[in-house]
Amino acid sequence: ATTRLLTRERFVVACRHSELFACPPCGVGTTRCSLEHPVERRVAINTIGPYWDGNEVWLVVGAAAIFAAFPSWYATWFSAGYLALVLLIAALIMRGVSFEFRGKVDSDRWRRTWSGTLTIGSALAPFLTGVALGDLLVGLPVDSDQEFTGSFWSLLTPYGLWMGLTLLTLCLLHGATFLGLKTTAQVRDRAHTIARRLAWVAAAVVVAYVGWTFVLSDNRGVLAVVLLALAVVAVIVAAVTAGRGRDGRAFATTSVAIAA
């Protein structure tokens with residue numbers, strides 16, 4: 001039992017690390033389409049160059065942790081979400097390939113094509129991850145033999161979709177604050193504008209997510225309540241500070257909101 005508990009905690013930590021490390025690249029990859037000039041978009045890509053290819057490791061660690069401790073859960077959940085997992089992997093591949101291929105040919109059409117795939121892949125990855133984690137809380141149709149009895153559409157639960165939207169919104173805000181932290185001049189100003197527009201939208205989405213989670217969850221212990229409250233406080237502080245020259249504080253508080 002102790003081994004399973006420790007492995008479960010490792011799975012949770014792996015998921016949190018994956019979300020936290022994936023959000024700056026995914027957020028920048030998506031918000032960069034709001035930048036007007038190609039040079040500004042190139043600068044945005046350069047800011048995440050050293051980081052974008054490391055976060056997938058935590059997804060592998062999380063999957064391995066599930067397989068080690070809960071093989072039947074692993075078999076049921078991964079079989080149920082097979083198509084969704086394929087889409088998630090395709091999104092991660094699209095994002096990675098876009099980084100590498102975008103500058104290979106000196107053609108505007110070529111760059112626009114790979115810029116589009118970068119935006120799509122960067123948006124799909126956090127959204128699908130959020131949907132998958134949300135489905136864990138609300139549950140999926142499974143029979144007595146632990147066989148998934150639903151269809152692909154059964155995975156699109158209202159709570160799962162909202163959690164996907166929450167994670168995507170936080171990634172966008174996190175990416176904008178990351179750009180403000182790592183850039184200067186016009187790119188930084190535009191990042192601040194994007195952050196201000198997203199900040200209170202993200203706060204509202206997170207507050208709704210926290211309320212919904214509290215209603216659905218059977219675990220209403222002190223730690224669970226503290227983490228939910230921490231997410232609300234962090235995103236409100238991020239909304240107050242984002243795009244107002246306090247980039248370090250905004251980035252730190254969006255990180256806390258994602259981790260909580």
Side-chain angles (χ1 to χ4, degrees), residues 8-31 48 51-67 70 73-74 76-99 117-140 148 152-175 178 198 202 205-206 208-210 212-213 216-217 227 231 235 254-260:
R8 185 185 68 181
E9 294 304 319
R10 288 172 188 163
F11 167 65
V12 172
V13 169
C15 287
R16 294 304 186 189
H17 275 76
S18 177
E19 294 169 9
L20 190 57
F21 291 141
C23 275
C26 287
V28 172
T30 307
T31 57
I48 54 175
Y51 313 110
W52 69 266
D53 61 346
N55 54 78
E56 289 86 352
V57 174
W58 292 103
L59 290 176
V60 177
V61 172
I66 300 175
F67 177 75
F70 311 102
W73 178 32
Y74 172 89
T76 302
W77 187 35
F78 277 58
S79 297
Y82 183 79
L83 183 55
L85 284 171
V86 170
L87 290 175
L88 174 58
I89 293 170
L92 292 173
I93 292 173
M94 285 170 58
R95 192 187 63 173
V97 170
S98 298
F99 282 121
T117 58
L118 174 59
T119 300
I120 294 171
S122 297
L124 277 178
F127 178 75
L128 292 173
T129 302
V131 171
L133 294 176
D135 287 344
L136 282 179
L137 180 60
V138 297
L140 295 171
F148 178 64
F152 172 77
W153 305 109
S154 303
L155 303 175
L156 305 180
T157 61
Y159 177 80
L161 291 172
W162 191 261
M163 186 168 181
L165 178 63
T166 302
L167 187 55
L168 174 59
T169 307
L170 282 174
C171 278
L172 293 175
L173 179 58
H174 197 54
F178 182 81
L198 286 171
V205 170
V206 170
Y209 159 75
V210 167
W212 199 344
T213 302
L216 289 178
S217 179
L227 289 176
V235 77
T254 52
S255 299
V256 171
I258 294 167

Rounded to the nearest 0.5 Å, what separation is found between the [atom1] atom of [X] and the [atom2] atom of [Y]?
X	Y	atom1	atom2	answer
Y159	L133	OH	CG	9.5 Å
C171	L198	SG	CG	11.5 Å
L128	I89	CG	CD1	11.0 Å

Let me check something: any side-chain donor-acceptor pairs from residues 160-168 under 3.5 Å, sequence neighbours excluded? List them with distances.
{"residue": "W162", "atom": "NE1", "partner": "V205", "partner atom": "O", "Å": "3.4"}
{"residue": "T166", "atom": "OG1", "partner": "W162", "partner atom": "O", "Å": "2.8"}

Counterpart residues, side chain to side chain contact (heavy atoms under 4.5 Å, CB included), relative to [X] (two or more places apart):
X	result
S79	none
L83	F152
T117	M94, S98, W114

Suppose we screen for side-chain hydrogen bond (donor to acceptor under 3.5 Å, both in side chains). Which residues come up paired with T76, at least two apart in sequence or across chains? none
Under the side-chain hydrogen bond (donor to acceptor under 3.5 Å, both in side chains) rule, collect the residues that match up with T169, sequence neighbours excluded. none
Taking all non-hydrogen atoms of both residues into account, name the closest pair between [X] and [Y] and its distance.
X	Y	answer
L155	A84	CD1-CB, 4.1 Å
V210	A231	CG2-CB, 4.3 Å
L88	A125	CD1-O, 3.6 Å

Report the C-alpha distance between L124 and L87 in whole Å, list the side-chain angles of each, state the deciding distance to 0.1 Å, and finish with yes or no for side-chain contact (heavy atoms from CB on, under 4.5 Å). CA-CA 8 Å; L124 277 178; L87 290 175; over 6 Å; no
